[in-house]
Asks: 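Attaching a single structure in structure tokens format; questions to follow.
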Protein chains: 2
Amino acid sequence: MNIGAAARASGVSQRMIRHYEEIGLIPSAARRDSGYRDYSAADVHRLRFIANARDLGFAIGEIAKLLALWSDQKRSSGEVRSLALAHAGELGRKAEALAAMRQTLLALAEQCHGDDRPDCPILQRLED
Amino acid sequence: MNIGAAARASGVSQRMIRHYEEIGLIPSAARRDSGYRDYSAADVHRLRFIANARDLGFAIGEIAKLLALWSDQKRSSGEVRSLALAHAGELGRKAEALAAMRQTLLALAEQCHGDDRPDCPILQRLED
DNA sequence: CCTTGACCTTGACATGATGTGAAGGTCCAA
DNA sequence: TTGGACCTTCACATCATGTCAAGGTCAAGG
């Protein structure tokens with residue numbers, strides 16, 4: 001399977017497939033005589049795994065660990081669970097940070113009459 | 001005031017002060033004969049404004065608009081408010097996306113016994 | 001058989017915000 | 001005068017991703 005087909009089948013763009021190969025997240029693809037990369041069903045499966053992990057917000061380094069656990073028959077599910085929980089914690093922290101900014105903005109916006117007059121508590125807050 | 005002092009006074013790193021100058025977010029700093037950048041209290045004030053806006057998660061482009069409104073005596077507070085509300089909406093969407101990922105992970109982790117056995121619903125979900 | 005269009009290759013540049021490091025000039029106090 | 005703290009520019013790195021350019025490959029149709 002060519003890279004284009006693998007991209008369509010896995011949901012990972014051609015660009016990112018080449019990138020993941022370059023940074024060693026996936027092994028170098030097999031090559032045909034022409035130089036074209038050639039992907040097997042197993043390769044596509046691994047790419048799909050990566051796409052799913054990215055959709056859950058895992059960074060490349062974490063995905064590398066997940067891939068290692070995935071292909072390790074002797075893995076402990078506890079290890080996977082720890083990774084997932086650590087990442088969930090990180091996501092929670094980021095979400096809270098964003099929500100806090102949002103709250104601050106909403107509170108300021110509420111104090112702002114929002115008409116044609118120039119005085120504005122939002123700008124006042126920003127300059128302090 | 002040298003760039004180091006301006007950085008300390010404003011909370012914007014020297015690196016970012018130079019960067020903001022380069023991309024035109026702030027006007028080119030005055031220069032002494034030595035070539036050193038020289039900052040006034042007003043410059044530091046503007047930098048502090050930028051730092052505050054960044055702390056609220058505004059991107060550079062939005063900050064540019066906020067700065068324009070800030071120095072516009074004829075601005076309407078409604079415009080500022082719209083910007084703030086639009087950004088709050090964006091923050092809300094991002095926070096929700098992160099929270100959704102987090103929920104998915106927590107639900108999966110709950111199904112995972114998390115011991116020494118290798119079977120793991122988290123990995124199963126990732127490979128689908 | 002040759003052309004055409006779709007596909008592939010590598011390499012480079014861009015984003016956005018920020019850090020780091022190197023090589024070299026400036027300033028000030030002792 | 002010298003040492004250390006400060007400044008200058010330039011360049012490279014991050015992370016994930018897009019895009020563009022120049023060129024090779026493949027398959028189908030005239």
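We use all heavy atoms of the structure for the numbers below, so side chains are in, but hydrogens, waters and symmetry mates are not. Residue numbers start from 1 in every chain, and the chains themselves are labelled A, B, ... in the order their sequence lines are given, proteins ahead of strands.
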Asks: Taking side-chain contact (heavy atoms from CB on, under 4.5 Å) as the test, write out the residues that go with B/Ala5, two or more places apart.
Replies: B/Met1, B/Arg8

Asks: A/Gln103: what forms a side-chain contact (heavy atoms from CB on, under 4.5 Å) with it, not counting sequence neighbours?
Replies: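 Result, side-chain contact (heavy atoms from CB on, under 4.5 Å) vs A/Gln103: A/Leu106.
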
Asks: Please tell me which of A/Ser13 and A/Asp33 maps to the more 5' nucleotide of DNA chain D, matching each residue to the nucleotide holding its nearest heavy atom.
Replies: A/Ser13

Asks: Pick the nucleotide of DNA chain D nearest each of A/Met16 and B/Arg15; which residue has the one closer to the 5' end?
Replies: B/Arg15

Asks: How close do B/Met16 and B/Val12 get, heavy atom to heavy atom, and via which atoms?
Replies: CB-CG1, 3.7 Å

Asks: Looking at DNA chain C, which of residues 19-30 of chain B put a heavy atom within less than 4.0 Å of it?
Replies: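 Hits under 4.0 Å, by residue number: B/His19, B/Tyr20.
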
Asks: First contact, last contact: which nucleotides of DNA chain C are these for chain B, 5' to 3', heavy-atom distance under 4.0 Å?
Replies: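 First-to-last contact on DNA chain C, by the 4.0 Å heavy-atom rule, is C/dA17 to C/dC27.
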
Asks: Tell me, please, which residues at least two apart from B/Ser82 pass side-chain contact (heavy atoms from CB on, under 4.5 Å).
Replies: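 Here no residue qualifies.
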
Asks: Please walk me through it: do A/Asp43 and A/Ile26 pass side-chain contact (heavy atoms from CB on, under 4.5 Å)?
Replies: CA-CA 9 Å; A/Asp43 293 332; A/Ile26 55 176; over 6 Å; no

Asks: May I ask you to list the residues of residues 36-69 of chain A, by number, that have any heavy atom positioned under 4.0 Å from an atom of DNA chain D?
Replies: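 Result for residues 36-69 of chain A: A/Tyr36, A/Arg54, A/Ala59, A/Ile60, sorted by number.
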
Asks: How close do A/Ala84 and A/Phe58 get, heavy atom to heavy atom, and via which atoms?
Replies: CA-CZ, 4.3 Å

Asks: Atom CZ of residue position A/Arg46 - does it have more than 12 heavy atoms of other residues, nucleotides or ligands inside 6.0 Å?
Replies: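 Yes, enclosed.
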
Asks: Testing the basics here: between A/Ile63 and A/Ala53, what is the closest heavy-atom pair and its distance to 0.1 Å?
Replies: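 Looking at all heavy atoms of both residues, the shortest contact is CG1-CB, 3.8 Å.
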
Asks: What does the inter-axis angle of the helix from C/dC1-D/dG30 to C/dA30-D/dT1 come out as, five pairs per end, nearest 10 degrees?
Replies: 30°

Asks: Could you list the donor-acceptor pairs under 3.5 angstrom formed between side-chain atoms of residues 90-102 of chain B and any protein atom two or more places apart in sequence or on another chain?
Replies:
{"unit_1": "B/Glu90", "atom_1": "OE1", "unit_2": "B/Arg93", "atom_2": "NH1", "d": "2.8"}

Asks: Could you tell me which non-hydrogen atom of A/Leu47 sits nearest to which non-hydrogen atom of A/Ser10, and how far apart they are?
Replies: CB-CB, 3.5 Å

Asks: List the residues meeting salt bridge (charged side-chain N to carboxylate O under 4.0 Å, His left out) with B/Asp116, not counting sequence neighbours, and say none if there are none.
Replies: none

Asks: The test is side-chain contact (heavy atoms from CB on, under 4.5 Å); show your working for A/Asn52 and B/Glu127 and say whether it passes.
Replies: CA-CA 7 Å; A/Asn52 288 331; B/Glu127 65 180 292; 6.0 Å; no

Asks: Can you pull out every side chain to side chain donor-acceptor pair (under 3.5 Å) where at least one residue sits in residues 12-34 of chain A? Sequence neighbours excluded, please.
Replies: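 Applying side chain to side chain donor-acceptor pair (under 3.5 Å) to every pair that reaches into residues 12-34 of chain A, excluding sequence neighbours, yields A/Glu21-A/Arg37, A/Arg32-A/Asp38.
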
Asks: Could you report the tightest heavy-atom contact between B/Val80 and A/Cys120, atom names first, then the distance?
Replies: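 Shortest heavy-atom separation between B/Val80 and A/Cys120 comes out as CG1-SG, 3.5 Å.
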
Asks: Along DNA chain D, 5' to 3', what are the outermost nucleotides having an atom less than 4.0 Å from a heavy atom of chain A?
Replies: D/dA16 to D/dC26

Asks: Heavy atoms under 4.0 Å, any strand shown: does A/Arg32 hit a base, just sugar-phosphate, or nothing?
Replies: nothing

Asks: Please identify each residue that fulfils ring-ring contact (aromatic ring centres under 6.0 Å, His included) with A/His45, with sequence neighbours left out.
Replies: A/Trp70

